[in-house]
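One-based numbering, in listed order, for ligands and for the atoms of each.
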Amino acid sequence: MSTATYEDTLAGTLPLLRERIADAARAAGRDASGVRLVAVTKGHPVEALRAALGAGLRDLGENRVEELEPKVEALGRDGVTWHMVGHLQSRKAGRAMAAADLIHSVDSGRLAERLSRLAADGGGVDVLVQVNTSAEESKSGIEGDAAVEEVHRISELPGLRVRGLMTMAPFVDDERVLTDAFAGLRRLHERLREVAPEVGPELSMGMSNDLEVAIREGSTMVRIGTALFGERVR
Ligand SMILES: *Cc1c(COP(=O)(O)O)cnc(C)c1O
């Protein structure tokens with residue numbers, strides 16, 4: 001770690017990031033206020049999250065339940081929306097539900113059913129269904145021709161409020177590959193909403209390296225780690 005504080009880091013990175021988001025929105029003829037910035041803080045200590053809140057960020061994301069829980073514990077829920085963005089094992093579904101306000105990574109029918117059972121008697125749970133739009137084996141998510149039917153089925157499970165969809169593009173610079181992944185999610189979302197109007201409008205797509213393409217293709221939430229906090233410590 002350098003000696004720069006997370007406040008210093010964010011003072012440099014956040015204005016640039018906001019500019020990238022604004023430029024991308026403008027180029028797409030969209031309003032930048034339609035793109036929510038989720039600060040992904042995995043691998044960074046609680047000081048990074050405090051600095052993010054101090055800089056006016058309100059949406060914080062983690063990719064592991066084990067890391068989400070102590071951070072929620074340390075910072076509380078007031079004025080923060082907590083996002084669980086990483087792959088979630090079914091047996092940790094209850095813990096994720098308790099800690100997060102929105103789970104982006106419902107990537108299988110099995111996990112959806114598990115969350116549904118846990119949430120049906122309580123207040124319900126807000127989720128996004130993760131779709132694998134690139135057919136990369138290393139990526140999780142609902143995939144293939146049956147994706148519309150499967151997400152439709154998930155959206156009708158009791159206790160689940162499906163706010164929209166999420167995807168991760170392959171980690172490449174090739175704009176065509178990125179466009180295929182993000183436009184694929186947008187088209188699937190459009191087809192889905194024709195048969196399942198209860199599915200919400202959110203499209204969680206775009207990370208530090210590909211947010212411009214994601215915003216052009218309709219992203220409503222970008223999940224940003226590196227471009228805000230620098231390379232992860234681990
Ligand atoms: C780490 C992570 C991000 C942020 O990635 P960066 O490239 O650091 O911006 C976004 N989404 C998920 C699911 C992640 O695990």
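- Summary of contacts: the protein heavy atom closest to atom 10 (C) of ligand 1 is Met207 SD, 3.3 Å.
- Looking at Lys42 next to ligand 1, an N or O pair under 3.5 Å apart turns up.
- For Asp126, the side-chain contact (heavy atoms from CB on, under 4.5 Å) test picks out Leu102, Arg161, Arg163, with sequence neighbours left out.
- In terms of protein heavy-atom proximity, atom 11 (N) of ligand 1 is closest to Arg223 NE, 2.9 Å.
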**Request:** Determine, stepwise, if the pair His104 / Ser204 fulfils side-chain hydrogen bond (donor to acceptor under 3.5 Å, both in side chains).
**Result:** CA-CA 7 Å; His104 290 230; Ser204 168; 2.9 Å; yes

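- Near Val85, meaning under 4.0 Å from any of its heavy atoms, are these atoms of ligand 1: 12 (C), 13 (C).
- Closest non-hydrogen pair, Arg77 versus Val72, comes out as NH1-CG1, 3.5 Å.
- Atoms of ligand 1 found under 4.0 Å from any heavy atom of Asn63 (numbered from 1 in listed order, with element): 15 (O).
- Side-chain contact between Leu165 and Glu202 is absent, with no heavy atoms from C-beta onward closer than 4.5 Å.
- Here is the list of ligand 1 atoms found below 4.0 Å of a heavy atom in Ile224: 9 (O).
- Of all atoms in ligand 1, numbered sequentially from 1 with element shown, those under 4.0 Å from a heavy atom of Thr226 are 6 (P), 7 (O), 8 (O), 9 (O).
- Looking at Val222 and Val38, their side chains never come closer than 4.5 Å, going by heavy atoms from C-beta outward.
- Protein heavy atom closest to atom 9 (O) of ligand 1, with residue, atom name and distance, is Ser208 OG, 2.5 Å.
- Close N/O approach between Gly86 and ligand 1 is not found [any backbone or side-chain N/O within under 3.5 Å].
- Residue contacts with ligand 1 for Met168 involve side-chain atoms from C-beta outward but no N, CA, C or O (heavy atoms, distance under 4.0 Å).
- Under the 3.5 Å distance criterion, the side-chain polar atoms of Arg223 are left unmatched by any main-chain donor or acceptor of Gly61.
- Using modelled atom types, one side-chain atom of Arg20 and one backbone atom of Ser208 make a donor-acceptor pair closer than 3.5 Å.
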